[in-house]
**Student:** 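Structure provided below as structure tokens; questions to follow.
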Amino acid sequence: MKILTSPSIFACDVLNIGKEVERTEKSGADMIHFDVMDGVYVPNISIGFGILKAIRGITNLPIDVHMMTVKPEAYIGVLSESGADIVTVHNDIGDEEKIKTILMDIRSYGMMAAVALKPGVPAEAVLPFIDNVDMILVMTVEPGFSGQSFMDMTDKIAKIKEYIGDRPISIQVDGGINAETAAKCAAAGANIFVVGNASYKAPDMKKALDDIKNAAEVAYNN
Ligand code: DX5
Ligand code: ZN
């Protein structure tokens, strides 16, 4: 799979969000990661559909929307209208049948579907959804805040990589990612790297993303 970076716009300078999107593009990012938090699934509230739509209006980069909400099923249509390309939902917001239905609904709008696992959720939790997803998000922090320390999930990533086998499914990691932690995750099989603080708060965003991509590429292919 291709190694891709997805800067988390939640960690940008919000007063200048339009300029930050431009900076994201110029820095060579492959996608934009858009965190939606409802204050219920996680103890924080972030950004919503109006901002998503405004960002869609100024960039052609794929937008990957991370739904940290208890009822993502209510918003699949509005996500599609607002320009989401990938929609990720957490596996623990309902039973297997409910999650499967949501993933199929996401795909029915022509978007890519992904399932996310919090740090405490075992790798096996993805098995029921393996044929309904284009991407699996392995959280490397507890969801809710940018700027937390990386939690090592390499065993979980390696197991998921094995379950995936030949299927064209990406493994994304999110939380505390920098060149060093990206390389660790890539060695285990991760190929999409969400980067919040280590990109927007870096002195040179392009260099930060290049370093992460290069370190991950070397580790992934060894
Ligand atoms: C946390 C979010 C992340 C966050 C990443 O719940 O899902 O996308 O913005 O930020 P960093 O890379 O700073 O940990
Ligand atoms: Zn996220």
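Keep in mind it's a predicted model, so treat the numbers as computed, not measured. Read the numbers this way: they start at 1 and go in the same order the structure lists the ligands and their atoms.
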**Student:** Could you tell me if D64 and Q172 have a donor-acceptor pair between their side chains, going purely by distance under 3.5 Å?
**Tutor:**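 Distance-only check passes for Q172 and D64.
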
**Student:** Has the side chain of D85 got a donor or acceptor atom that lies under 3.5 Å from a matching backbone atom of I63?
**Tutor:** yes

**Student:** Among side-chain atoms of D13 and N16, is any donor-acceptor pair under 3.5 angstrom?
**Tutor:**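 N16 and D13 do have a side-chain donor-acceptor pair below 3.5 Å.
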
**Student:** Could you tell me, atom by atom, which parts of ligand 1 come under 4.0 Å of a heavy atom of M68?
**Tutor:**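 Reading through ligand 1 atom by atom, the close ones are 6 (O), 7 (O).
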
**Student:** For ligand 1, which atoms sit closer than 4.0 Å to a heavy atom of G175?
**Tutor:**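 Checking each atom against G175, I get 14 (O).
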
**Student:** Of all the non-hydrogen atoms in the protein, which one sits nearest to atom 2 (C) of ligand 1, and at what distance?
**Tutor:** D35 OD1, 3.5 Å

**Student:** Whether K2 engages the ring of F193 as a cation-pi pair (distance to the six-membered ring centre under 6.0 angstrom, angle to the ring normal within 45°) should be assessed.
**Tutor:**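 Judged by the rule, K2 and F193 form no cation-pi pair.
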
**Student:** Looking only at heavy atoms, is any part of S146 under 4.0 Å from ligand 1, and if so is it the side chain, the backbone, or both, or is it neither?
**Tutor:**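 The part of S146 near ligand 1 is both the backbone and the side chain.
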
**Student:** For atom 6 (O) of ligand 1, what's the nearest protein heavy-atom neighbour? Residue, atom name and distance, please.
**Tutor:**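 Here the nearest protein heavy atom works out to G144 N, 2.7 Å.
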
**Student:** So if I count the atoms of ligand 1 from 1 in the order they appear, which ones are less than 4.0 Å from some heavy atom of P143?
**Tutor:**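 With P143 as reference, the close atoms of ligand 1 come out as 6 (O).
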
**Student:** Can you find an N/O atom of N197 closer than 3.5 Å to an N/O atom of ligand 1?
**Tutor:**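 N/O-N/O distance below 3.5 Å exists for this pair.
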
**Student:** Taking only heavy atoms of H33 into account, list the atoms of ligand 1 that are under 4.0 Å away from them.
**Tutor:** 8 (O)

**Student:** Give a rough value, rounded to 10 degrees, for the angle at the Zn ion (ligand 2) between atoms OD1 of D35 and ND1 of H66.
**Tutor:** 90°

**Student:** Where does D174 meet ligand 1, judged by heavy-atom distances below 4.0 Å: at the side chain, the backbone, both, or neither?
**Tutor:**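 Just the side chain.
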
**Student:** Show me which atoms of ligand 1 lie under 4.0 Å from any heavy atom of F10.
**Tutor:**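 Listed by number with element: 9 (O).
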
**Student:** If the cut-off is 4.0 Å to any non-hydrogen atom of V194, which atoms of ligand 1 fall inside it?
**Tutor:** 8 (O)

**Student:** Under 4.5 Å between any side-chain heavy atoms of F10 and H33, yes or no?
**Tutor:** no

**Student:** Give a rough value, rounded to 10 degrees, for the angle at the Zn ion (ligand 2) between atoms OD2 of D174 and NE2 of H33.
**Tutor:**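 It is 100°, given to the nearest 10°.
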
**Student:** Ignoring hydrogens and geometry beyond distance, is a side-chain donor-acceptor pair present between Y200 and S146 at under 3.5 Å?
**Tutor:** no

**Student:** Which atoms of ligand 1 are found less than 4.0 Å from any heavy atom of F145?
**Tutor:** 1 (C), 6 (O)

**Student:** Near K161 NZ, under 6.0 Å, is it more than 12 heavy atoms from other residues, nucleotides or ligands?
**Tutor:** yes

**Student:** Under a 3.5 Å cutoff, is there a donor and acceptor pairing between the side chains of E25 and T59?
**Tutor:**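 Note: E25 and T59 side chains meet the donor-acceptor criterion.
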
**Student:** Enumerate the atoms of ligand 1 whose separation from the nearest heavy atom of H66 is less than 4.0 angstrom.
**Tutor:** 7 (O)

**Student:** Identify, for atom 14 (O) of ligand 1, the protein heavy atom at the shortest distance, and state residue, atom and that distance.
**Tutor:** G176 N, 2.8 Å

**Student:** State plainly whether one hydrophobic cluster holds both V70 and I45, where clusters connect Ile, Leu, Val, Met, Phe, Trp and Tyr through side-chain heavy atoms under 4.5 angstrom apart.
**Tutor:** no

**Student:** Of all the heavy-atom pairs spanning A208 and A198, show the shortest one and how long it is.
**Tutor:**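 What the structure gives for the nearest pair is CB-O, 3.4 Å.
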
**Student:** Answer yes if the ring centres of Y41 and H90 are under 6.0 angstrom apart, and no otherwise.
**Tutor:** yes

**Student:** Considering only the protein, which heavy-atom contact is closest to atom 12 (O) of ligand 1, and what is its distance?
**Tutor:**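 Of the protein heavy atoms, G196 N, 2.8 Å lies nearest.
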
